[in-house]
**Q** 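Before I ask anything, here is the structure I am working with.
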Amino acid sequence: MKVGFIGLGNVGGKLSGSLLRNGIDLTVHDLNRELMADFAKRGAKTAQDPAQLMRDCDAVITCLPSPAASDTVMQQMLPEIKEGKIWMEMSTTDEAEVRRLGGVVLAAGGTAVDCPVSGGCHRADTGNISIFAGCDRATFDRIAPLLKTMGRRILHTGDLGSASILKVVTNYLATANLISCCEALVTAKAAGMNLNTTYEAMKISSGTSFVHETESQVILNGSRNISFTMDLVKKDAGLFQDVADRNNVPLEISPMLVKIFADGIERYGERCYSPDIIRRLEEATGLDILAPGFPAEMSDDEPEELGYEVIPQGSAQTQAAEWSDYGA
């Protein structure tokens with residue numbers, strides 16, 4: 001299968017790098033010509049525009065910063081979409097928008113998938129990130145080899161758009177985790193606790209989380225570099241709130257998170273790293289939340305391996321496997 005990839009930024013560059021590293025026939029496109037040139041040096045083909053990419057490839061993956069960017073790219077690709085072509089949207093986007101664009105693809109004879117990722121840039125870099133995939137089962141089986149090359153844990157979430165809903169749900173949880181970790185670290189420091197000890201107590205307790213075990217480390221280092229910025233948090237929080245509003249869910253914590261990050265952007269700028277939101281509490285208390293021995297950036301120590309499909313607990317597939325084991 002010939003694969004095209006549009007969007008070679010923080011996440012897209014790493015996902016497409018996994019495809020290239022593992023021998024996939026890859027053609028790339030990005031507005032940044034330097035990024036394209038780097039991929040060309042590593043053996044990828046390059047396309048001058050999205051239309052050429054869709055014309056030359058069987059599947060085209062987009063990993064872009066906003067729904068508007070995805071729409072712009074789709075309008076360029078649309079004349080080249082026909083039967084057999086696959087569009088794979090790996091951007092974090094609005095589920096209503098991905099369904100709209102997917103409908104355009106289907107009307108042209110192609111196939112559409114939303115397949116956003118979760119787990120951090122350091123895991124995207126090693127092919128160990130998690131991937132959600134929303135599409136029919138036949139399409140999922142067709143693209144599974146690509147997903148298992150880019151990611152470790154692959155979850156088929158249901159119809160087109162379902163993956164995007166779950167992506168913003170999990171990003172909401174990550175944002176809530178980040179704010180609670182910031183408050184916990186500052187409170188522990190104010191109470192006279194050693195922050196190295198505090199980190200370990202949080203890590204080995206019921207209070208731990210993926211966010212604590214990653215973002216708390218770059219907070220304590222002082223770099224706050226998690227390769228994710230406040231404007232992206234604001235966008236994702238808004239997408240989650242949109243899902244809740246469309247389904248008449250009266251959220252209480254979500255609006256508070258939106259307000260906190262709006263204030264952070266006003267103070268520090270939208271391109272400030274998201275863990276630097278702790279500065280609001282540092283400034284309010286006069287405390288520096290720093291500790292020795294923590295890395296400036298996260299790296300993934302999990303060996304790269306072919307990914308696998310995650311089967312939801314209680315699903316028909318799980319029950320069938322359990323009965324098979326029982327019969328054996």
Side-chain angles (χ1 to χ4, degrees), residues 7 9-15 63-70 89-98 114 116-124 129-130 132 163-186 209-246 249 251-284 289 296-298:
N10 270 339
V11 177
K14 295 173 174 62
L15 294 171
C63 190
L64 299 164
S66 69
S70 291
E89 173 65 292
M90 299 196 82
S91 317
T92 299
T93 189
D94 177 60
E95 51 99 6
E97 178 66 2
V98 80
D114 62 323
V117 302
S118 184
C121 284
H122 61 296
R123 287 189 175 175
I129 203 161
S130 297
F132 305 151
S164 292
I165 291 174
L166 292 177
K167 168 61 175 176
V168 298
V169 165
T170 58
N171 273 20
Y172 162 73
L173 291 171
T175 301
N177 279 189
L178 173 58
I179 294 301
S180 64
C181 285
C182 290
E183 292 188 349
L185 289 170
V186 174
S209 66
F210 174 83
V211 170
H212 170 60
E213 293 178 24
T214 54
E215 298 193 42
S216 288
Q217 294 202 57
V218 297
I219 286 174
L220 292 168
N221 171 273
S223 75
R224 281 79 198 268
N225 181 3
I226 205 66
S227 298
F228 203 74
T229 50
M230 290 192 186
D231 60 330
L232 297 177
V233 173
K234 180 182 177 182
K235 180 201 77 170
D236 292 353
L239 291 173
F240 175 74
Q241 187 65 52
D242 289 343
V243 171
D245 291 343
R246 281 195 291 267
V249 182
L251 300 179
E252 297 178 273
I253 295 175
S254 175
M256 294 172 60
L257 298 179
V258 171
K259 183 178 179 180
I260 288 169
F261 271 93
D263 182 62
I265 288 171
E266 183 176 351
R267 294 186 190 208
Y268 315 123
E270 62 179 13
R271 301 303 293 167
C272 187
Y273 289 127
S274 55
D276 217 22
I277 198 70
I278 198 171
R279 284 170 61 187
R280 296 170 69 253
L281 290 174
E282 288 180 312
E283 292 171 359
I289 307 304
E297 297 181 39
M298 296 307 303

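We're numbering straight along the sequence, starting at 1. Remember, predicted model here, so these are calculated numbers, not experimental data.
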**Q** Salt bridge or not for Lys259 and Asp263, using N-O below 4.0 Å?
**A** no
**Q** How many angstroms lie between CE in Met230 and CD1 in Ile277, if you round to the nearest 0.5 Å?
**A** 4.0 Å
**Q** Do Glu270 and Thr229 have side-chain atoms, one donor and one acceptor, less than 3.5 Å apart?
**A** no
**Q** Apply side chain to side chain donor-acceptor pair (under 3.5 Å) to residues Asp114 and Ser164 and explain how you reach the verdict.
**A** CA-CA 7 Å; Asp114 62 323; Ser164 292; 2.9 Å; yes
**Q** CG of Asn225 to CE of Met298: how many Å apart, nearest 0.5 Å?
**A** 11.0 Å
**Q** Can you name the ring pair (Phe, Tyr, Trp, His ring centres under 6.0 Å) partners of His122, sequence neighbours left out?
**A** none
**Q** Let me see the working for Glu89 and Ser70 under side chain to side chain donor-acceptor pair (under 3.5 Å), right down to the final yes or no.
**A** CA-CA 8 Å; Glu89 173 65 292; Ser70 291; 2.6 Å; yes
**Q** Near Glu283 CD, under 6.0 Å, is it more than 12 heavy atoms from other residues, nucleotides or ligands?
**A** yes
**Q** How far apart are the closest heavy atoms of Cys63 and Leu15, and which atoms are they?
**A** SG-CD1, 4.4 Å
**Q** Do Ser274 and Phe261 come close enough that some side-chain heavy atom pair is under 4.5 Å?
**A** yes
**Q** Closer than 3.5 angstrom, by distance alone: can the side chain of Ser254 be matched with the main-chain N or O of Leu251 as a donor-acceptor pair?
**A** no
**Q** Check ring pair (Phe, Tyr, Trp, His ring centres under 6.0 Å) between Phe240 and all other residues, then give those that pass, not counting sequence neighbours.
**A** Tyr172
**Q** To the nearest 0.5 Å, tell me how far Ile219 CD1 sits from Cys182 SG.
**A** 4.0 Å
**Q** So Val117 and Ser130, do their side chains get closer than 4.5 Å, heavy atoms only?
**A** no
**Q** Answer with yes or no whether the side chains of Asn171 and Lys167 bring together a donor and an acceptor at under 3.5 Å.
**A** yes
**Q** Assess the residue pair His212 and Asn177 against the criterion (side-chain contact (heavy atoms from CB on, under 4.5 Å)); give the C-alpha distance rounded to whole Å, side-chain angles, the decisive distance to 0.1 Å, and a yes or no.
**A** CA-CA 7 Å; His212 170 60; Asn177 279 189; over 6 Å; no
**Q** If you compare all heavy atoms of Gly7 against all heavy atoms of Leu64, which two are closest, and at what distance to 0.1 Å?
**A** CA-CD2, 4.1 Å
**Q** Measure the spacing between OG of Ser118 and CZ of Phe210 and express it to the nearest 0.5 Å.
**A** 7.0 Å
**Q** Would Val258 and Lys234 count as a side-chain contact (heavy atoms from CB on, under 4.5 Å) if you check the C-alpha gap in whole Å, the side-chain angles of each, and the deciding distance to 0.1 Å?
**A** CA-CA 6 Å; Val258 171; Lys234 180 182 177 182; 5.7 Å; no
**Q** What's the shortest heavy-atom distance between Thr170 and Phe132, and which atoms?
**A** OG1-CE1, 4.0 Å
**Q** Does Phe228 have any ring pair (Phe, Tyr, Trp, His ring centres under 6.0 Å) partners at least two apart in sequence or in another chain, and if so, which?
**A** none
**Q** Between Ser216 (side chain) and Glu213 (backbone), is there a donor-acceptor pair under 3.5 Å?
**A** no
**Q** As a quick check of understanding, evaluate side chain to side chain donor-acceptor pair (under 3.5 Å) for Gln217 and Asn221, giving each step before the final call.
**A** CA-CA 6 Å; Gln217 294 202 57; Asn221 171 273; over 6 Å; no
**Q** Could you tell me which residues satisfy side chain to side chain donor-acceptor pair (under 3.5 Å) with Glu95, sequence neighbours excluded, listed by chain and number?
**A** Arg99, Arg246
**Q** Given side chains that start at C-beta, do those of Glu215 and Pro275 come closer than 4.5 Å, heavy atoms only?
**A** yes
**Q** Do Arg279 and Arg267 pass the side-chain contact (heavy atoms from CB on, under 4.5 Å) test, and can you show the C-alpha distance, the side-chain angles, and the key distance before you say yes or no?
**A** CA-CA 10 Å; Arg279 284 170 61 187; Arg267 294 186 190 208; over 6 Å; no
**Q** Which residue pairs satisfy the salt bridge (Lys or Arg N to Asp or Glu O under 4.0 Å) criterion with at least one member in residues 175-186, sequence neighbours excluded?
**A** none
**Q** Is a side-chain donor or acceptor of Ser91 paired with a backbone partner of Thr93 at a separation under 3.5 angstrom?
**A** no
**Q** Would you say the side-chain atoms of Lys235 pair up with the backbone N or O of Thr92, donor to acceptor, closer than 3.5 Å?
**A** yes
**Q** Looking at SG of Cys181 and CD1 of Ile278, how far apart are the two atoms once the value is rounded to the nearest 0.5 Å?
**A** 9.0 Å
**Q** For residues 217-233, which residue pairs pass the salt bridge (Lys or Arg N to Asp or Glu O under 4.0 Å) check, not counting sequence neighbours?
**A** Arg224-Asp276, Arg224-Glu282, Asp231-Arg271
**Q** Could you give the distance from CG (Asp236) to CG (Leu257), rounded to the nearest 0.5 Å?
**A** 12.0 Å
**Q** Given side chains that start at C-beta, do those of Gln241 and Pro255 come closer than 4.5 Å, heavy atoms only?
**A** yes
